[in-house]
Amino acid sequence: MRYLSLALCVSAIAITSAPPSPEAGRNKKETSRSGKNIKLDDYNINYEESIDTGKYVDLYDYYEHEPKTEVHTLTPLNEKSGLLTNQGTEKPITLPGTPKPSQNSLFGSMTEQDKLKRVDLSSNFLSNIDDDAIHLLPSLQELILSENQLKALPELPSSLILLDAQYNQLQSSGIQTDVFKDLTNLEYLYLSNNKLDYIPVPLPYSLRSLHLKNNNIQTMNLETFCESRDPTFIRRNLEDIRVDENPINLSKFVNGYFCLVRLPTGSYY
């Protein structure tokens, strides 16, 4: 009985490990072509076989051929141009690599200067601007000089419509006599937060808004705004005048407001 069991076991092992017959192979191919599922049980597959990667070529290093990024920095603004001066260094400012066909090359070629309408130099710690830097711009309409360390204004072009020089160190001695007289297009003049002792005169008739807030203005000429010899004169354009936060008492100069559409904003104590 023991020999019979052993014979049955050997027979079962032989049947299990026997290779598939050619008939079975043909059936598999036919099944594969017909699109039906293929039974992997009919194949001898060793899933534990290790793969030797040494037989293959070296892996391609994609990072080796990546383009390298170069980082550049701008040249410090400390070359001579004769136009602008930086607070602390007292050296003129120019743009790196700017050609110098003329003294006013900061704003480009002569053709570009003729078309320039707006210049913004705010928040640059500037303490001085050469006269030729600005007044040679024939089409300039807006000039922004706020938040610098300027003690004087440069010569201005007659085409100017807006001048913003707030938050500087401007003094009355730093504003040339009649500097605004010939600016017949000027409409907006902002000089708040400076150190002015009086209102700069004469003011152009084109002016619409005048801001002198937070200065050191203590007195005013009766003809600052009006013409005492002509009681019929009315300054219709000037509707916004700010002189608040100054030590001046505006009630002492009421005869100087008869030509205004609106009274100046300030203290009347």
Side-chain angles (χ1 to χ4, degrees), residues 117-123 129 134-135 140-269:
K117 293 186 177 181
R118 187 175 192 270
V119 172
D120 188 343
L121 298 173
S122 59
S123 304
I129 300 178
I134 302 298
H135 93 279
L140 187 65
Q141 296 181 359
E142 297 183 13
L143 178 59
I144 314 298
L145 302 174
S146 57
E147 299 183 13
N148 283 291
Q149 302 295 328
L150 297 173
K151 295 181 179 180
L153 288 177
E155 190 174 349
L156 303 170
S158 59
S159 58
L160 207 61
I161 295 177
L162 181 148
L163 173 62
D164 184 354
Q166 300 181 93
Y167 293 96
N168 276 278
Q169 304 294 325
L170 290 177
Q171 301 176 4
S172 294
S173 59
I175 298 180
Q176 301 176 14
T177 304
D178 298 340
V179 65
F180 301 119
K181 180 180 180 180
D182 296 329
L183 303 185
T184 56
N185 296 310
L186 187 64
E187 297 183 7
Y188 306 94
L189 180 57
Y190 302 137
L191 300 175
S192 297
N193 297 285
N194 281 286
K195 297 181 178 180
L196 300 178
D197 297 321
Y198 53 83
I199 300 174
V201 291
L203 298 171
Y205 296 134
S206 58
L207 200 62
R208 301 173 62 88
S209 180
L210 174 64
H211 287 193
L212 297 166
K213 180 180 177 181
N214 193 23
N215 277 278
N216 191 37
I217 299 173
Q218 302 182 27
T219 186
M220 186 185 73
N221 191 310
L222 293 179
E223 294 193 357
T224 297
F225 303 115
C226 305
E227 297 181 4
S228 59
R229 297 180 181 180
D230 185 5
T232 63
F233 171 75
I234 299 178
R235 192 184 282 265
R236 299 185 183 278
N237 292 333
L238 189 55
E239 297 183 352
D240 179 25
I241 304 175
R242 297 288 303 272
V243 288
D244 43 323
E245 298 185 30
N246 279 278
I248 186 173
N249 182 358
L250 295 177
S251 63
K252 295 181 179 180
F253 309 95
V254 291
N255 293 330
Y257 312 139
F258 70 87
C259 67
L260 298 177
V261 179
R262 293 181 181 178
L263 292 175
T265 300
S267 176
Y268 289 85
Y269 61 87

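Among residues two or more places apart in sequence or in another chain, the side-chain contact (heavy atoms from CB on, under 4.5 Å) test is passed with Asn246 by Asn215, Ile217, Val243, Ile248. Tyr205 is linked by a ring-ring contact (aromatic ring centres under 6.0 Å, His included) to Phe233, counting only residues two or more places apart in sequence or in another chain. With sequence neighbours left out, the side chain to side chain donor-acceptor pair (under 3.5 Å) criterion links Lys252 to no other residue.
Side-chain contact of Gln166 with Ser146: a donor-acceptor pair under 3.5 Å is absent, judged by distance alone.
Screening residues 220-269 for disulfide bond (SG atoms under 2.5 Å apart), with sequence neighbours left out, gives Cys226-Cys259.
Nearest heavy atom pair, residue Glu227 against residue Phe258, reads O-CZ, 3.6 Å. The shortest heavy-atom contact between Pro154 and Ile129 is CB-O, 3.8 Å. Contact detail for His211 and Ser209: the closest heavy-atom pair is NE2-OG, 3.4 Å.
Within the model, atoms CD of Gln141 and CG of Leu160 stand 8.5 Å from one another, a figure rounded to the nearest 0.5 Å.
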Donor-acceptor contacts, no H, no angles, side chain residues 262-269, under 3.5 Å, sequence neighbours left out:
residue : atom : partner : partner atom : Å
Tyr268  : OH   : Pro264  : O            : 2.7
Tyr269  : OH   : Pro247  : O            : 3.4

Donor-acceptor contacts, no H, no angles, side chain residues 171-191, under 3.5 Å, sequence neighbours left out:
residue : atom : partner : partner atom : Å
Ser172  : OG   : Asp197  : N            : 2.8
Ser172  : OG   : Tyr198  : N            : 3.4
Asn185  : ND2  : Ser158  : O            : 3.4

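Side-chain contact between Thr224 and Phe253: absent, with no pair of heavy atoms (C-beta onward) separated by less than 4.5 Å.
Under a 3.5 Å cut-off, the side chain of Asn168 and the backbone N or O of Leu170 do not form any donor-acceptor pair. When atom types are taken as modelled, the side chain of Asn194 and the backbone of Leu196 share no donor-acceptor pair closer than 3.5 angstrom.
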